[in-house]
J.: 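Mind looking over this structure? Questions follow.
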Amino acid sequence: MSYLDYFFVDLYFVNVQTTSEKLTVPWCSQEAQEVPTEQFPCRWNTSYQMHIQVKALLSELSKLNQTLSRTKILHGLVIQNNLSRDPFYATKIVRFYAINNDLVSARNLFDKSPQRSTYLWNSIIRAYAQAHKFSDAFLLFQRMLISETEPDNFTFACVLRACSEWRNVEGLRAVHGKVVVSGLGMEFICDSALVSAYSKIGNVDAASRVFYGIHEPDLVLCNSMISVYGCHGDCTKGLQLFSMMLEMGVSPDGYTVVGLITGLTDPSFIKVGEAIHGFCFKHSFVLNDHVGSVLVSMYSRFKCMDSACRVFNSLVRPDVVIWSSLITGFSQAGNYLKALNFFSQFIINGGKADPVLIASVLAASAQLAVVGPGSEIHGYAVRNGYYMEIMVSTALIDMYAKCGFLELGILVFKTKTNTNIVMYNSMISCLGLYGRASDAFQLFNDMIGGGFSPDETTFCSLLCACCHAGLVNDGREYFKMMKNEFGIRAKTEHYVYMVKLLGMAGELEEAYQLIKSIEEPANSSIWGALLSCCDAHKNYELGEVIAQHLFKNKAEISKYSVMLSNLYAGDERWDAVNQLRVDKGRDIRKIPGITWIGEKAEGFPNCCQHSLQHNLLSCQLITAISSMSWLINDTRRMSGSMPEQLDCGAQGKGDRPEGSRCNETLEYICHN
DNA sequence: TTAGGGTTAG
């Protein structure tokens with residue numbers, strides 16, 4: 001027990017004993033009296049009046065974890081000492097109530113406070129915003145605007161964040177306007193909140209406009225913008241900004257690194273990731289939870305599991321998120337058994353899984369298509385009170401369906417009292433996969449009846465159901481409904497399903513016309529679906545029309561080579577098949593610096609691996625990014641000095657991806 | 001006067 005605990009024991013005792021009388025001096029326990037007086041934060045065991053000490057106590061107590069009972073005692077103390085009119089105390093207590101999720105008490109105190117400082121307003125608005133009661137927070141903000149107290153930087157920052165989490169685009173714009181009108185448009189605190197808020201609602205342009213309108217942004221602002229690029233996968237711009245901030249003399253921190261690494265989504269940027277990792281090491285960045293987690297996640301994304309494990313092993317006490325990064329990494333790399341083994345290890349070591357991790361390992365079990373591990377995890381979720389989490393239920397439905405127990409999935413769905421759109425989509429998709437299209441359609445109707453608005457994924461699931469059951473007319477109807485009734489623009493996945501559906505039914509011409517009606521040029525998935533159908537229906541004439549269209553439009557033929565060669569082979573046009581191989585070879589030889597090491601098309605992956613080992617691809621990629629050479633040189637300089645556990649393949653050994661995404665790497669170079 | 005606060009991870 002600390003002396004403050006002693007204090008609370010005594011105080012509670014005195015509080016119970018006294019009724020309406022003013023508190024004076026709490027008598028400390030015998031045990032507490034043995035603590036030397038000079039160690040006490042305030043001399044409460046002497047005969048001072050309590051209210052003199054409350055201030056010092058509050059200051060001291062705000063450093064401690066606040067329990068609800070402690071907060072109530074403090075609140076009582078403040079009232080009994082006639083201090084509740086002072087907004088300083090009200091602010092403190094409101095914050096303590098908010099920490100303990102007692103919004104009712106916080107609000108009561110706020111409502112009864114006669115004087116409301118900006119601090120007090122901010123604390124109650126923040127309390128609602130952090131509890132995700134966004135409309136209450138916003139209403140309070142609007143009341144504040146017409147009150148005598150003016151909002152400050154922190155009010156706006158809090159409300160902006162709330163708007164973005166609330167996905168309230170209109171509200172966000174309105175608050176932005178108020179920021180400008182208040183003359184706080186150039187304040188860093190408002191601006192960093194604006195940058196992040198616009199990013200969260202997906203408006204990168206607006207975020208950029210705010211950021212680049214600032215003369216000399218500080219570290220947090222730069223971090224916010226780098227994080228925007230990171231979240232939207234634009235690592236090139238993130239790296240450019242990184243260089244810029246270094247030139248401006250702004251020293252990066254953990255937030256910067258996290259933002260940068262988050263943006264590295266394309267495996268061809270592995271060298272850059274390794275360089276940033278080296279940068280962290282060189283500058284003695286502590287691999288804290290966030291940095292460690294994004295590094296593990298990055299290496300996992302690039303399927304470099306040895307490197308991911310090395311980072312993981314170097315962390316002192318990895319938390320559930322980092323375990324989850326690694327476990328999900330194994331799963332995404334296709335090593336589902338290892339993912340489950342690591343999960344067991346996590347639990348055996350005393351770890352407590354959360355809904356995100358549970359959903360992840362359920363997905364791994366689903367991929368194994370064996371119900372045993374999945375049902376055990378189901379039991380774990382129930383025992384730990386996560387059964388009602390939508391994320392867990394959705395993963396359970398999917399797992400049971402993929403393991404052959406659709407009825408169990410339906411049972412999970414039916415026993416849920418609260419559902420959301422993701423869960424409906426999952427259930428519709430599973431029904432569709434089992435060929436139970438009419439049940440999927442019925443569930444869609446129930447969903448609409450329940451007041452849910454369908455999204456892109458809903459229609460993907462519906463069209464998938466139509467494909468599995470061969471229901472062309474229903475597919476046509478849903479495709480029309482998506483646009484006309486719900487204003488959802490068809491994406492690649494929708495077109496692929498429609499083309500497959502029409503194509504399989506022999507409606508090749510209709511599918512072709514559908515593709516031609518797409519505003520943007522159709523990609524290889526869409527054309528590929530139609531080519532496969534032409535092959536299946538032996539419609540070589542249309543196949544040739546499509547091939548000529550692709551050649552004419554300089555499409556990347558390597559993406560179509562399998563489908564086209566099948567088509568030509570079916571038509572016994574061996575010369576055309578051979579031509580495809582030649583064309584493919586000619587394309588690749590155009591790339592400077594790459595040694596062509598195979599005459600066959602199968603040589604592609606080898607070629608890429610060979611180049612990767614010699615850093616040719618990576619160097620071209622990196623030097624394409626301006627001002628990045630220092631980062632590479634930095635890594636080279638220190639490459640001899642990295643300890644073994646952090647030497648994550650920077651010297652080109654170990655676990656490069658097996659050429660799986662190499663064609664994309666090559667295409668990147670071709671276009672740059 | 002005091003106080004709080006803008007940017008990160010699976």
Side-chain angles (χ1 to χ4, degrees), chain A residues 55-56 58-59 61-63 86-96 98-99 117-127 129-130 151-161 164 179 184 187-197 199-200 207 210-211 214 217-231 245 250 252-263 285 287-298 300-301 308 311-312 315 318-332 339 346 353-361 363 391:
Chain A
K55 215 176 229 181
L58 280 168
S59 161
L61 291 169
S62 56
K63 296 172 195 162
D86 187 337
F88 173 82
Y89 297 105
T91 306
K92 282 274 186 197
I93 308 265
V94 163
R95 286 176 55 81
F96 291 162
I99 291 168
S117 64
T118 308
Y119 284 101
L120 184 54
W121 275 104
N122 290 358
S123 65
I124 191 73
I125 293 173
R126 176 171 302 279
Q130 285 185 333
D152 66 1
N153 276 331
F154 302 116
T155 324
F156 285 119
C158 174
V159 175
L160 287 167
R161 189 188 177 109
S164 67
V179 169
L184 297 170
E187 289 282 332
F188 286 178
I189 289 170
C190 285
D191 290 338
S192 54
L194 272 168
V195 168
S196 301
S199 170
K200 278 200 193 101
V210 173
F211 178 76
I214 299 161
D218 70 349
L219 173 64
V220 176
L221 263 161
C222 290
N223 286 348
S224 304
M225 197 62 218
I226 286 177
S227 171
V228 174
Y229 291 134
C231 289
M245 71 184 267
V250 181
D253 65 1
Y255 285 85
T256 324
V257 175
V258 168
L260 283 174
I261 297 174
T262 308
F285 273 35
L287 289 191
N288 66 14
D289 293 351
H290 293 284
V291 179
S293 163
V294 287
L295 279 171
V296 170
S297 177
M298 175 195 78
S300 301
R301 250 194 328 268
V311 175
F312 181 83
L315 299 169
D319 66 5
V320 63
V321 178
I322 302 176
W323 273 95
S324 166
S325 304
L326 190 72
I327 291 168
T328 309
F330 278 118
S331 185
Q332 283 170 350
F346 171 68
D354 68 358
V356 181
L357 179 53
I358 293 173
S360 169
V361 282
M391 192 179 262

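In what follows, chains are A, B, ... by sequence order, proteins preceding strands, each numbered from 1.
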J.: Are A/Val94 and A/Leu120 side-chain neighbours, meaning at least one heavy-atom pair lies under 4.5 Å?
T.: yes
J.: Rounding to an integer number of Å, can you tell me how far A/Asp354 CG sits from B/dA9 C1'?
T.: 12 Å
J.: Under the 5.5 Å and 30° test, is A/Tyr119 stacked on the base of B/dA3?
T.: yes
J.: Applying a 4.0 Å non-hydrogen cut-off, can you work out what A/Asp191 is touching in the nucleic acid: base, sugar-phosphate, or nothing?
T.: nothing
J.: Run the side-chain hydrogen bond (donor to acceptor under 3.5 Å, both in side chains) test against A/Ser164 and tell me which residues pass, sequence neighbours left out.
T.: none
J.: Grab the CD1-P distance between A/Ile358 and B/dG10 for me, whole Å please.
T.: 18 Å
J.: Mind checking A/Val294 for me? I need base, sugar-phosphate or nothing, with any heavy atom below 4.0 Å counting as a touch.
T.: sugar-phosphate
J.: Return the nearest nucleotide to the side chain of A/Asp86; candidates are B/dA3, B/dG10, B/dT2.
T.: B/dT2
J.: Output the rounded distance in Å from CH2 (A/Trp323) to C1' (B/dA9).
T.: 17 Å
J.: Counting only side-chain nitrogens and oxygens, does A/Arg126 get under 4.0 Å of the OP1 or OP2 atom of B/dG6?
T.: yes
J.: Check every strand shown and say whether A/Val320 touches a base, only sugar-phosphate, or nothing at a heavy-atom separation below 4.0 Å.
T.: base
J.: Taking ring pair (Phe, Tyr, Trp, His ring centres under 6.0 Å) as the definition, give me every residue that meets it alongside A/Phe330, ordered by chain and number, with sequence neighbours left out.
T.: A/Phe342
J.: Return the value, rounded to whole Å, for the distance between atom OH of A/Tyr255 and atom P of B/dG6.
T.: 9 Å
J.: Can you figure out which of B/dA3, B/dT8, B/dG6 approaches the side chain of A/Thr91 most closely?
T.: B/dA3
J.: When you check the phosphate oxygens OP1 and OP2 of B/dT7, does a side-chain N or O of A/Arg161 lie under 4.0 Å from one of them?
T.: yes
J.: Could you please name the option among B/dT8, B/dG6, B/dA3 that lies closest to any side-chain atom of A/His290?
T.: B/dT8
J.: Once you round it to whole Å, what is the distance between P of B/dA3 and CG of A/Asn153?
T.: 17 Å
J.: Roughly how many Å is it from CD1 in A/Ile99 to P in B/dG5, rounded to a whole number?
T.: 9 Å
J.: What is the distance from CG of A/Leu315 to C1' of B/dA9, rounded to the nearest Å?
T.: 12 Å
J.: Could you tell me whether the side chain of A/Ser199 and the main chain of A/Val195 form a donor-acceptor pair under 3.5 Å?
T.: no
J.: Would you classify A/Ser224 as touching base, sugar-phosphate or nothing, given that sugar-phosphate means primed atoms plus P, OP1 and OP2, and contacts are heavy atoms under 4.0 Å?
T.: sugar-phosphate
J.: Looking at B/dG5, B/dG10, B/dA3, which one has an atom nearest to any side-chain atom of A/Phe88?
T.: B/dA3
J.: Write down the distance between NZ (A/Lys92) and P (B/dT1), rounded to a whole number of angstrom.
T.: 18 Å
